[in-house]
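Notes follow once the structure below has been shown.
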Amino acid sequence: MPGYRDLDYDVVVVGAGVTGLYQLHCLRKLGFRVRVLEAGSDVGGTWYWNRYPGCRFDSESYSYSYSFSQELLNEWDWTEHFSAQPQTERYLQFVADKFDLRKDIQFSSRVASTVFDEEHSCWEITVEGGAQFRCRFLIMSIGHLSAPTLPNIENIAKFSGEWFHTGLWPKEEVTFSCKDVAVVGTGASGVQMIQEISKTAKSLTVFQRNPNWCTPLHNKEISKSEMQEIRKNYPHIFQACGASGGGFVHTTEDRNALDVTEEEREKFWEEQYAKPGFSMWLGNFKDVYIDREANRLLSDFVARKIRDRVVDEKTAELLIPKDHGFGTKRVPQETFYYEVYNQSNVRLVSLSETPFECVTKKGIKTTDREYEFDTIVYATGFDAITGSFDRIDIRGVNGRRLRESWRSKIVTFLGVQVPDFPNFFMIPGPQVLFANHTRLAEFNVEWVTALIKHVDGKGLTRVEPRLDAAEDWSNHVEESGKELLINEVDSWMSGVNSNVEGKQRRVFVRYDGIWPAYRKRCRGIASSGYQELQFS
């Protein structure tokens, strides 16, 4: 890179999770000088920070594997169909060691700001503590769910006992035996934690703002012989993921729920409910997320399952969502979650009936009463999708701040680039396809790597998307989601987080197209010479 040797690095990647590790591997193979800045003390990203009890995949482990190395596929054995966090973290550590990636990763380095230097066409990066780096290309691999949020409750820090957020779980062991424990939140992480805490806690009180539809995970161990079969079948597994709408092993049923008889519907839903993973959510009839009547019938089916599994009728009704239909929010996967509420040491508190007032020295006070606890766990989610970007002061051309640009309207190109932010990439960013994370990460990394190689090979200085191309993509994202029931519901998947200022309105932060079409569009842009981008 003539003219850029005075910079610290050719490329800086922020984040050493699934995406950042593969991005480092790809760029280093091409001879670029790359540095990864990671806030944690080791690799893993999501699987480093979210180490709470019960944390595990809800995508099949083998569908989450990297596919780029046959050696890696041959050497790694998954022991469960839905791997628990400790094994997933070990897998990413194994990848880092196998490809000698750690030597180019700087740990315990949280990025505070990134500013584009227009005169020298480079990025200036400042890490908390003051260290600075200059690079030509900047790649943000910081994830959609990496900015934990706490609920809007007064005096959270006043509690004298121990308290934690699931997304910032300590490495030290946390025990619940013989303790009075509270869990705030019943989303995906809350459901997983509740199942584990209920096994040993003296008492467990679950504070639920809004219930979620949950379906059985049906996890099981993978024997050595089964792993051998999975390994032989990897080409077919990745091919199936590539052909599906979201990069998962599940494909949408070709029939409509309203076009079959009631008997056929019930039989199909019973089969789906008994299948592992996201099958009930992602493998359903093709009309259940666009037709209100089809979704109502599906929701009624799952509601009956909840009533069958929870003994107390009032508790069962509190656990059945009334504000959204099945699958219109992300569906948590569970293992005997509903049966937890049949235990004598577990109680459910509905915050819609008795809202929070404050946290006290001894526990939590609602409008109904004060509860005393030894431990409080906040499973209250994240400032999703844009939140991880908002927490870094990212400035492009003319000092334009990224978070300010997105306040009125989010505009990206393919969910990867942003106008007026040259040589800047997000993997993933807002408006990217909702898909199996590793499948999307590998594809986006390879697309960005090819673009950087193109810029360097042509002797070009800067690349960014044309404004009209980015606006066209953002409009396409909006159009693709207009008929979906999922975009009529408040959730992190529709850009809403009531705990975060300015996130009380629904925006199109997620692309609702299909995986094969997204890849075709990205490849078409590359093969036509990147006409939607502007170079200098």
Side-chain angles (χ1 to χ4, degrees), residues 1-15 23 27 30 32-37 106 109-142 386 388-427 429-431 447-474 525 529-536:
M1 287 189 177
Y4 286 93
R5 303 309 299 183
D6 60 327
L7 299 178
D8 297 300
Y9 302 102
D10 301 321
V11 188
V12 166
V13 179
V14 182
Q23 184 67 80
L27 289 169
L30 294 176
F32 291 110
R33 297 173 302 150
V34 189
R35 192 67 167 170
V36 176
L37 300 176
Q106 181 170 314
S109 299
R110 185 177 295 278
V111 173
S113 68
T114 65
V115 179
F116 187 69
D117 179 342
E118 295 181 58
E119 181 181 355
H120 300 98
S121 293
C122 68
W123 283 92
E124 296 181 346
I125 300 155
T126 302
V127 174
E128 289 182 4
Q132 294 186 317
F133 305 92
R134 286 161 61 84
C135 66
R136 186 179 180 190
F137 298 99
L138 175 61
I139 301 174
M140 307 299 287
S141 298
I142 51 182
T386 58
S388 51
F389 294 91
D390 291 346
R391 295 188 180 195
I392 302 173
D393 185 9
I394 302 172
R395 305 187 203 182
V397 173
N398 296 322
R400 180 183 177 193
R401 281 186 165 90
L402 185 62
R403 58 175 171 246
E404 296 299 327
S405 300
W406 284 348
R407 282 193 184 276
S408 55
K409 184 179 181 181
I410 296 174
V411 176
T412 77
F413 183 61
L414 304 177
V416 174
Q417 295 174 280
V418 184
D420 289 334
F421 289 80
N423 299 356
F424 176 83
F425 305 95
M426 309 171 295
I427 313 178
Q431 299 184 333
W447 192 88
V448 167
T449 301
L451 177 54
I452 290 175
K453 181 181 178 182
H454 173 84
V455 172
D456 185 55
K458 295 289 185 181
L460 300 167
T461 302
R462 290 164 52 166
V463 58
E464 62 184 289
R466 297 197 327 259
L467 178 59
D468 63 316
E471 289 178 337
D472 284 347
W473 173 254
S474 297
I525 290 164
Y530 303 104
Q531 296 177 28
E532 291 84 354
L533 308 182
Q534 56 187 27
F535 301 89
S536 61

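Note that the numbering runs from 1 along the sequence shown for the chain.
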Find the distance between [atom1] ([X]) and [atom2] ([Y]) and round it off to the nearest 0.5 Å.
X      : Y      : atom1 : atom2 : value
Glu532 : Asp468 : CD    : CG    : 9.0 Å
Arg35  : Tyr9   : CZ    : OH    : 4.0 Å
Ser141 : Leu37  : OG    : CG    : 11.0 Å
Thr412 : Trp473 : OG1   : CH2   : 7.5 Å
Asp117 : Cys122 : CG    : SG    : 4.5 Å
Met140 : Ile394 : CE    : CD1   : 4.0 Å

I want to check something: taking the side chain as every heavy atom from C-beta on, are [X] and [Y] in contact at a cut-off of under 4.5 Å?
X      : Y      : answer
Arg33  : Asp8   : no
Ile139 : Val14  : no
Lys458 : Phe535 : no
Leu414 : Trp447 : yes
Met426 : Phe389 : yes
Val463 : Phe425 : yes

Run the numbers on Leu451 and Leu533 for side-chain contact (heavy atoms from CB on, under 4.5 Å), then give the verdict.
CA-CA 10 Å; Leu451 177 54; Leu533 308 182; 3.7 Å; yes
What donor-acceptor contacts under 3.5 angstrom involve side-chain atoms of residues 123-132, with partners at least two apart or in another chain?
{"unit_1": "Trp123", "atom_1": "NE1", "unit_2": "Pro422", "atom_2": "O", "d": "2.8"}
{"unit_1": "Glu124", "atom_1": "OE2", "unit_2": "Arg134", "atom_2": "NH1", "d": "2.8"}
{"unit_1": "Thr126", "atom_1": "OG1", "unit_2": "Gln132", "atom_2": "NE2", "d": "3.2"}

Of all the heavy-atom pairs spanning [X] and [Y], show the shortest one and how long it is.
X      : Y      : result
Ile142 : Ser388 : CD1-O, 3.5 Å
Phe32  : Lys453 : CZ-CA, 4.4 Å
Pro465 : Phe413 : CB-CB, 3.6 Å
Ala470 : Pro419 : CB-CG, 3.5 Å
Val411 : Val418 : O-CG1, 3.9 Å
Asp390 : Trp406 : OD1-CE3, 4.4 Å

Results of side chain to side chain contact (heavy atoms under 4.5 Å, CB included) for [X] - residues two or more places apart only:
X      : value
Glu404 : Arg401, Arg407
Ser121 : Tyr4, Phe116, Thr461, Arg462
Arg400 : Ser405, Asp420, Phe421
Thr449 : Gln23, Cys26, Leu27, Leu30, Val445

Check the pair Leu138, Asn423 against side-chain contact (heavy atoms from CB on, under 4.5 Å), reporting the backbone distance first and the verdict last.
CA-CA 6 Å; Leu138 175 61; Asn423 299 356; over 6 Å; no
Does the pair Arg395/Asp393 count as a salt bridge with the N-to-O cut at 4.0 Å?
yes
Would you mind checking if Arg136 and Asp456 are paired as a salt bridge, meaning a charged N to carboxylate O distance below 4.0 Å?
yes
Residue pair Gln106, Ser109: steps toward the side-chain hydrogen bond (donor to acceptor under 3.5 Å, both in side chains) verdict
CA-CA 6 Å; Gln106 181 170 314; Ser109 299; 3.1 Å; yes
Parallel, tilted or perpendicular for His454 and Tyr530, by the 30°/60° rule?
tilted
Between the main-chain N or O of Gln531 and the side-chain N or O of Arg466, is there a donor-acceptor pair closer than 3.5 Å?
yes
Would you say the side-chain atoms of Ser474 and Gln431 include a donor-acceptor pair closer than 3.5 Å?
yes
Could you tell me which residues satisfy side-chain hydrogen bond (donor to acceptor under 3.5 Å, both in side chains) with Asn398, sequence neighbours excluded, listed by chain and number?
none
